[in-house]
Amino acid sequence: MDTLATADSRFPGPDSQQAGLTRQQQSAVDHFEGPLLILAGPGSGKTRVITQRMVRLVERGVDPGQILAVTFTNKAAEEMAERVERLVAGRRVAVSTFHRFCARLLRSHAEMIGLRPNYTILDTTDQRQVIRSVLNDLNLDAVHFPPSRLAGRISHAKNNQQSPEDVSSDAQRRVGNPLQEVVAQVYPRYQQFLLKANAVDFDDLLLHVERLLTDNPELRRQLDDRYRFVLVDEYQDTNLVQYSIVRLLSHDHQNLCVTGDPDQSIYGWRGARIDNILRFEQDYPEARVIRLEENFRSTAAILRAADQLISHNRLRKPKSLVTANPEGEPAELLVFPSAREEAHGIASRIHDEVAAGSCRYGDCAVFYRVNSMSRQLELAFSRWGIPYQVIAGVAFYERAEVKDLLAYLRLVENPSDDAAFGRVVNTPPRRIGKVTQAKLKRFANIEQLNLLEAAGQARRAEKLSKPAMTALCRFHELINGLSLTDSGSVAGLLRQVIDQTRYCVGWQKGTSEQEIQRQAVIDELLATASHYDEFAGEERSLAGFLETTSLVAGTDSIDEQAGTVTLMTLHAAKGLEFPTVFVVGVEQNLLPHERSLREDNPRELEEERRLLFVGMTRAISKLALTLTAERDLHGQTRTTIPSEFLGEMQLEIRDHSLWEGHTTPRPPLPDPATAEAADDSPLLTTAASLLNGTAESAHVSQGFAVGMAVRHPRYGLGTVTGVNGFARDRTVTVRFQDADESVSFQSTHCPLQPVGRHAR
């Protein structure tokens, strides 16, 4: 959905379709035929506009079945579908995520690309396990060539529509790149495994549908005619394959409406192309462009800082962020000695404000660039007794118990799923160890059978022992004896799996915390299956349930009613909003991330700036950015440098060095007199003065450290060899690569820039 505490509450109720819309919003809703680009700034009521546009189309006589709305998150899709259904008297409009839409379309036409309709979707863990197996077959070391890294390379290739043959050709051109050469070997074998197992990964869902539409013009025409009006949300996040699918579905009837904001394009690392939205008017010369620039979420002070930041990007569609909201409190920069003091400082502020009644725990969120930064925050919140939830992905579906039981269901639905077979054939233990499984795999390859079929014919495998043959045949009989038809429901089938496999025997009635947690996880999975049965009704299917569990997103786990502080990465924060937001670690090498600096790529750096912009514009009334004098990164304590982005905004700077030295499990509240003294004399200035040393903050002015790599516009790359003095008298000595002698600079008046790594 567009926001966590939805911004739509600021508009008049949705019962009157056109009530409360601005002129620009109304224009977007009323646009009928032809391409439309809606440039929607943060907090501009985008979800409401999309919903009302679908309702308006139905009012104008468009059959709801001819409308397709596609977005990126399950929450957004579910909320839009519910709103539209409520406003058009229960008539259904197709609202879906890209992956869910493609999964269902592919299931209807699977044979056209060599699959069967009962295909299964491999998750990330299964994908890496398959790659590990391929590496083993190739006699390659998974330590030197990590499956996770190979999976990322394969995903990148698929997002760019590269076939195994394309990757192989690329590897031949780039001789001397061992990783690329291994990818070229693994990719085709990985795809062969998927085809044999009647399985797909997440990227295949998109790639297969794009191929389906490209290679079958008649099917493309049928779908184009069926979905005469296509709406795509968050268009700036589409990759090359999604872009192609959208173009193919709106070729004949170009009633394509896309909404998005180039300034919020933050998924380039997973294939998203900002160019897709930037070139929309070139793709559709007749397109109408409507800008939604009024923000209904944030205070004027927050928007002003965010606007100052994002104006430094070049890859964008010019627009201004305006609001009728009050000025509000200035956006702050909080400076701490270390990450520990940073975490306790944030915890203390939240604790004090909740105690004073000015906010609730659920109003607050803390964003960070990388997941590892949550550790200090979690420790501090625990010591202060502050309830919190960490949004770190699909933790429930990563539990071993859940993955095991879902693997059983996958094998029932798709007997060719060798990945599922490998996970559960000896879970719980059946005396079918790795040696037996390896012999079975060789037998299956010789006989051209899937592993479950081979298990059923194990008595023909001469190299297997009799106990192993018996155990494999019994497992085959067990799986063949399970079916949704006999069970009557997915929940019933799941209970049958648990009972007949004796999965819980040995710990089901245990009293240890671990045993209680395991049983709770299984109970939750059963409840999820029951909920699916109830929701799907007569249309329930095992494939449908497995599809639902496969396409769960990390942010789906957010509990909006939990009443807890939310901790999450900046990437996960997209589309949410909170009254109070802290963005921690606004430091060079973190934000912007060292990768964007090391690669010296302006596009990477601009995406990092957009990421901070997204985090800032999640805040409704209070926003604080933080930095520390030193931070532990990659196992080392390093002196930090304030992010270059801080020099692009006006912030209220507060030095919280008073936190230095706290060591008690729950630190005492700061002395009110000290706190008031600090608060009464803030440095209201641009953060550029902080970077130049004029703010006289000892912790910030010590940004350069011996061994740090820097760049000078005249001398080029160099390494810091000495740092001397203090504040305005501080000097930095640098040995440049192309200079015979070292050069010294006064730190407050030198154009040295860190380049993202420490020299060795």
Side-chain angles (χ1 to χ4, degrees), residues 115-123 125-126 129-130 133 193-200 400-434 436-445 447-461 464-505 522 525-526 529 532-533 540-547 549-550:
L115 292 171
R116 297 184 297 283
N118 63 335
Y119 69 82
T120 50
I121 304 170
L122 299 191
D123 64 16
T125 304
D126 294 322
Q129 190 57 46
V130 172
S133 176
F193 178 95
L194 294 183
L195 188 61
K196 179 184 175 185
N198 192 35
V200 299
E401 297 85 1
V402 174
K403 293 182 75 65
D404 289 344
L405 293 174
L406 290 179
Y408 273 110
L409 297 183
R410 282 166 47 191
L411 197 55
V412 171
E413 173 65 15
N414 175 20
S416 297
D417 191 341
D418 285 354
F421 179 95
R423 182 173 186 91
V424 298
V425 67
N426 201 39
T427 306
R430 299 184 176 90
R431 297 185 178 180
I432 306 174
K434 291 185 177 180
T436 296
Q437 291 180 49
K439 291 178 180 179
L440 182 71
K441 183 178 179 181
R442 285 194 290 270
F443 171 69
N445 288 337
E447 298 294 325
Q448 295 187 324
L449 304 170
N450 62 54
L451 292 178
L452 185 61
E453 289 173 332
Q457 300 181 35
R459 290 187 175 87
R460 292 177 47 222
L464 289 172
S465 66
K466 288 187 177 181
M469 291 178 184
T470 301
L472 286 166
C473 288
R474 285 178 178 172
F475 180 75
H476 177 267
E477 292 170 3
L478 169 67
I479 300 300
N480 275 359
L482 298 168
S483 74
L484 184 64
T485 303
D486 294 339
S487 304
S489 66
V490 174
L493 176 59
L494 186 55
R495 291 190 187 93
Q496 191 178 0
V497 168
I498 295 169
D499 292 342
Q500 294 193 19
T501 62
R502 298 173 62 81
Y503 186 81
C504 302
V505 171
I522 289 178
L525 183 60
L526 283 166
Y532 168 79
D533 287 330
R540 64 176 174 265
S541 67
L542 186 51
F545 175 71
L546 291 171
E547 179 184 297
T549 60
S550 295

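What you are looking at is a predicted structure, and each value in this text was computed from that prediction instead of being measured.
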Could you tell me whether the side chain of I479 reaches within less than 4.5 Å of the side chain of P415, counting heavy atoms only?
-> no

Got a second to check how far S489's OG is from R495's CZ, nearest 0.5 Å?
-> 6.5 Å

Test side chain to side chain contact (heavy atoms under 4.5 Å, CB included), reference Y119, set N198, L194, D417, L546, output is N198

For R460, all residues meeting salt bridge (charged side-chain N to carboxylate O under 4.0 Å, His left out), sequence neighbours excluded = E447

Drop me the distance from L409's CG to L525's CG, to the nearest 0.5 angstrom.
-> 7.5 Å

CG-CG distance between L411 and L482, expressed to the nearest 0.5 angstrom | 9.5 Å

Taking the side chain as C-beta and beyond, is there a heavy-atom pair between T120 and V200 under 4.5 Å?
-> no

Looking only at heavy atoms, which two atoms of S541 and V490 are closest? And how far apart?
-> O-CG2, 4.0 Å

If you take all heavy atoms of A491 and D533, which pair is closest and at what distance?
-> N-OD2, 3.0 Å

Hey, could you give me the CG/CG distance between N414 and N118, rounded to the nearest 0.5 Å?
-> 4.5 Å

Between R459 and C473, which heavy-atom pair has the shortest distance, and what is it?
-> NH1-SG, 3.1 Å

Taking side chain as C-beta onward, heavy atoms only, is M469 less than 4.5 Å from P467?
-> no

Tightest non-hydrogen contact, residues N450 and L452, listed as OD1-N, 3.1 Å

The reported gap from CD in Q448 to NZ in K196 (rounded to nearest 0.5 angstrom) is 8.0 Å

Taking 4.0 angstrom as the limit, do D126 and R410 come out as a salt bridge?
-> yes

Got a donor-acceptor contact below 3.5 angstrom from the N426 side chain to the I432 backbone?
-> yes

CG (D499) and CG (L494) are apart, to the nearest 0.5 Å, by 9.5 Å

Donor-acceptor contact below 3.5 Å, side chain R430 vs main chain L472 = no

Taking all non-hydrogen atoms of both residues, which atom of F545 and which atom of A529 are closest, and how far apart?
-> CE1-CA, 3.6 Å

Side-chain heavy-atom pair R474, L478 within 4.5 angstrom cut-off = no

Which atom of A543 lies closest to which atom of E413, heavy atoms considered = CB-OE2, 3.6 Å

With side chains defined as the heavy atoms from C-beta onward, is the minimum distance between R431 and T470 less than 4.5 Å?
-> no

Quick one: are L406 and K403 in side-chain contact, heavy atoms under 4.5 Å?
-> no

Flag side-chain contact, heavy atom, 4.5 Å: I522 against L526 | yes

Aromatic plane relationship, F421 with F475 - under 30° parallel, 30 to 60° tilted, over 60° perpendicular = perpendicular

Qualifying residues under salt bridge (charged side-chain N to carboxylate O under 4.0 Å, His left out), relative to R423, sequence neighbours excluded | D404

Minimum side-chain heavy-atom gap Y503-V497 below 4.5 Å = no

